[in-house]
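Take a look at the structure below.
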There are 2 protein chains.
Amino acid sequence: MSIALDPKKNHLLAALPEAEWQRWRPQLEPVEMPLGEVLSESDRILDHVYFPLTAIVSLLYVMEDGASAEIAVVGNEGVVGVSLFMGGETTPSRAVVQSAGVGVRLKAQVMMDEFHRAGPVMHLLLRYTQALITQMVQTAACNRHHSLDQQLCRWLLLSLDRLEGRDLVMTQELIANLLGVSREGVTEAALALQEAGLIRYAQGQITVLDRPGLEQRSCECYAVVKKECDRLLPNSLAM
Amino acid sequence: MSIALDPKKNHLLAALPEAEWQRWRPQLEPVEMPLGEVLSESDRILDHVYFPLTAIVSLLYVMEDGASAEIAVVGNEGVVGVSLFMGGETTPSRAVVQSAGVGVRLKAQVMMDEFHRAGPVMHLLLRYTQALITQMVQTAACNRHHSLDQQLCRWLLLSLDRLEGRDLVMTQELIANLLGVSREGVTEAALALQEAGLIRYAQGQITVLDRPGLEQRSCECYAVVKKECDRLLPNSLAM
DNA sequence: CGTACAATGTGCGACACCGTACAGATGAAC
DNA sequence: GTTCATCTGTACGGTGTCGCACATTGTACG
């Protein structure tokens with residue numbers, strides 16, 4: 001896969017005013033983002049912020065006993081590392097590449113400086129952060145009230161929105177780890193979805209056959225997040 | 001209860017530089033915050049931001065079927081209405097007074113103007129927002145992995161930190177609604193805590209007898225949130 | 001090919017929590 | 001003091017998920 005994709009595939013970068021774009025452009029460094037790569041570790045200061053282009057990143061909270069829970073996902077609609085400009089510099093969560101691809105990154109200091117100009121970049125980033133908050137809130141509520149089945153649908157849709165095509169490369173084991181549920185549970189739920197004709201899968205490759213069907217079977221959480229993203233980030237997940 | 005408490009009981013207000021403080025002071029309007037009052041409804045534009053002084057506010061997500069889940073709590077360490085300055089103006093969640101008390105409020109426009117000066121106020125508010133994000137993240141993880149028992153401990157501690165004294169006025173029914181669990185479940189968990197000598201309660205009045213005991217029985221989530229609050233907000237929950 | 005490993009399917013007991021139903025206990029109002 | 005509403009305790013079947021054990025299927029690679 002070529003690493004030199006157009007950075008404007010990332011919607012935040014695409015939304016930059018011309019002046020900022022010209023300033024940032026030479027500083028943007030293309031990076032491969034292979035499956036499983038840890039972009040930022042819990043409580044560690046980031047050296048870069050990452051703008052995914054084709055990759056998807058999971059924000060995970062990892063508990064003391066090793067169990068984990070996905071808090072939010074970041075694709076080409078967003079950026080990894082909001083804690084940098086929020087002022088805290090670190091977060092108690094981990095950012096892991098969930099779906100391999102490419103992205104571009106920017107030195108932390110550059111990002112901070114740009115943010116502190118307090119111009120349109122700042123407002124863009126803050127709006128994005130609010131969209132991210134919405135996703136976190138919805139995850140919390142979803143974890144409390146919805147079935148594994150519904151959550152799997154939500155998760156597939158969130159991932160699908162951030163990918164081209166309708167295929168995800170993703171084993172059930174991995175999904176289970178991200179969602180913080182048992183692998184067997186995912187197997188059962190996935191089987192049900194396959195029997196319903198909504199997806200087809202084999203050996204770590206999932207194909208979505210009936211997207212509207214998935215949306216219907218998903219809990220409301222997906223729609224709420226999608227709607228907020230669209231509202232807060234013009235062109236957020238349109239491809 | 002007197003409504004005219006010192007606004008500096010709120011730690012964000014207390015942390016304001018002198019110039020800002022003098023500017024804000026005349027605009028701060030004392031308000032009663034009775035139990036159950038809804039400060040902001042889902043997807044509705046706020047007309048004020050609220051700084052609790054003795055009250056505690058719950059941020060809730062209310063699902064389509066009426067079930068709810070607490071996302072975070074805000075006491076005198078924070079402010080209700082961060083979406084205003086984040087740029088989104090609304091959020092898909094509801095803010096409800098969980099423990100009656102007093103607070104002060106500020107007109108939304110005033111808050112926006114102050115934020116857009118891009119000075120110390122902005123940085124203070126952004127750091128607070130990050131602390132709030134931490135709480136949300138932890139809630140999501142906690143909802144996924146921890147027992148009702150542990151969550152009740154966490155919840156009691158979070159509330160206790162935001163109150164003077166060691167008594168909460170709070171029925172089990174109300175706690176159940178906030179946590180998004182069944183009332184019977186809370187009864188059982190509370191009973192266990194009482195039998196362990198950690199709390200005593202009757203008819204909507206809970207007294208914490210053994211705080212360290214609660215901390216030990218709680219999941220890690222409480223400690224993580226507390227630590228982040230302390231780190232991000234000097235003097236956050238010290239009374 | 002055949003072996004090794006990864007991915008998926010299945011069965012089952014354990015367990016936490018739910019929802020319903022109802023019973024006692026307490027406090028406020030008259 | 002009696003009444004009534006609110007709050008709390010208890011019992012029990014139903015359900016979803018877990019954790020374990022193991023069978024099966026697909027894929028890579030010698």
Side-chain angles (χ1 to χ4, degrees), chain A residues 35-36 63 65-70 98-100 141-156 167-196 198-207 217-219, chain B residues 35-36 63 65-70 99-100 141-156 167-196 198-207 217 219:
Chain A
L35 180 63
M63 324 217 81
D65 67 359
S68 63
E70 188 177 78
Q98 172 213 103
S99 176
C142 197
N143 280 350
R144 156 90 27 235
H145 289 293
H146 296 141
S147 69
L148 205 167
D149 214 89
Q150 292 177 300
Q151 292 185 40
L152 179 58
C153 291
R154 172 180 66 95
W155 189 89
L156 288 171
D167 296 306
L168 334 190
V169 176
M170 182 69 50
T171 66
Q172 298 182 358
E173 174 100 40
L174 189 40
I175 297 177
N177 277 315
L178 293 175
L179 290 180
V181 299
S182 73
R183 199 270 309 160
E184 294 87 337
V186 174
T187 298
E188 224 173 327
L191 217 86
L193 294 186
Q194 179 156 279
E195 277 160 11
L198 304 179
I199 63 175
R200 173 162 35 86
Y201 64 93
Q203 303 298 115
Q205 174 103 4
I206 307 176
T207 305
R217 188 153 178 160
S218 164
C219 46
Chain B
L35 179 64
M63 325 216 81
D65 69 358
S68 63
E70 189 177 78
S99 175
C142 196
N143 280 351
R144 156 93 22 239
H145 289 293
H146 296 142
S147 70
L148 205 167
D149 214 87
Q150 293 177 300
Q151 292 186 40
L152 179 58
C153 291
R154 170 180 69 94
W155 190 89
L156 288 170
D167 297 305
L168 334 190
V169 175
M170 183 67 51
T171 66
Q172 298 182 356
E173 173 99 42
L174 190 40
I175 296 177
N177 276 314
L178 293 177
L179 290 180
V181 299
S182 74
R183 200 267 311 158
E184 294 85 343
V186 174
T187 298
E188 224 173 327
L191 227 105
L193 295 185
Q194 178 155 277
E195 276 160 12
L198 303 180
I199 64 173
R200 172 161 37 83
Y201 64 92
Q203 302 296 116
Q205 174 104 3
I206 307 176
T207 305
R217 188 152 179 160
C219 46

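Order of the sequence lines sets the chain letters (A, B, ...), proteins ahead of strands, with each chain counted from 1.
- Contacts of B:N177 classified as side chain to side chain donor-acceptor pair (under 3.5 Å), with partners at least two apart in sequence or in another chain: none.
- Looking at A:M63 and B:H146, their side chains come closer than 4.5 Å, going by heavy atoms from C-beta outward.
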In residues 180-191 of chain A, what donor-acceptor pairs under 3.5 Å come from side-chain atoms, sequence neighbours left out?
| from | atom 1 | to | atom 2 | distance (Å) |
| --- | --- | --- | --- | --- |
| A:S182 | OG | A:G185 | N | 3.1 |
| A:R183 | NH1 | A:T187 | OG1 | 2.9 |
| A:T187 | OG1 | A:Q172 | OE1 | 2.6 |
| A:T187 | OG1 | A:R183 | O | 3.2 |

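- Once you apply a 4.0 Å limit to the heavy atoms of chain A, the touched nucleotides of DNA chain C run 5' to 3' over C:dA7 to C:dT10.
- Checking side-chain atoms of B:Q205 against main-chain N and O of B:D167 turns up no donor-acceptor pair under 3.5 Å.
- Residues A:L156 and A:L198 fail the side-chain proximity criterion, which asks for heavy atoms closer than 4.5 Å.
- Atom CD of residue B:E70 and atom CG of residue B:N143 lie 9.5 Å apart, to the nearest 0.5 angstrom.
- Within the 4.5 Å cutoff, the side chain of A:Q98 has heavy atoms near those of the A:M170 side chain.
- The rotation axes computed at either terminus of the helix from C:dC1-D:dG30 to C:dC30-D:dG1 lie 30° apart, taking five pairs at each end and rounding to 10 degrees.
- Looking at heavy atoms from C-beta onward, B:V169 lies out of side-chain contact with B:L35 at the 4.5 angstrom threshold.
- The CG atom of A:L193 sits 4.5 Å away from atom CD1 of A:I199, with the distance rounded to the nearest 0.5 Å.
- Boundaries of the chain A contact region on DNA chain D are D:dT17 to D:dT27, first to last in 5' to 3' order (nucleotide atom under 4.0 Å from a heavy atom).
- For the atom pair CD (A:Q150) and NE2 (A:H145), the distance works out to 11.5 Å, reported to the nearest 0.5 Å.
- Contacts between residues 183-191 of chain B and DNA chain C, counted as heavy-atom distances below 4.0 Å, involve B:E184.
- Taking both residues in full, the closest heavy atoms of A:W155 and A:L178 are given as CZ2-CD1, 3.6 Å, listed atom of the first, atom of the second, then distance.
- Contact record, A:R154 with A:C142: NE-SG, 3.2 Å, taken as the closest heavy-atom pair.
- With DNA chain C read from its 5' end, the first of the two nearest nucleotides for A:R144 and A:G204 is the one closest to A:G204.
- If A:S147 and A:A202 are placed on DNA chain D by their nearest nucleotide, the residue sitting closer to the 5' end is A:S147.
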Walk me through it: do B:S99 and B:L168 pass the test side chain to side chain contact (heavy atoms under 4.5 Å, CB included)?
CA-CA 8 Å; B:S99 175; B:L168 334 190; over 6 Å; no
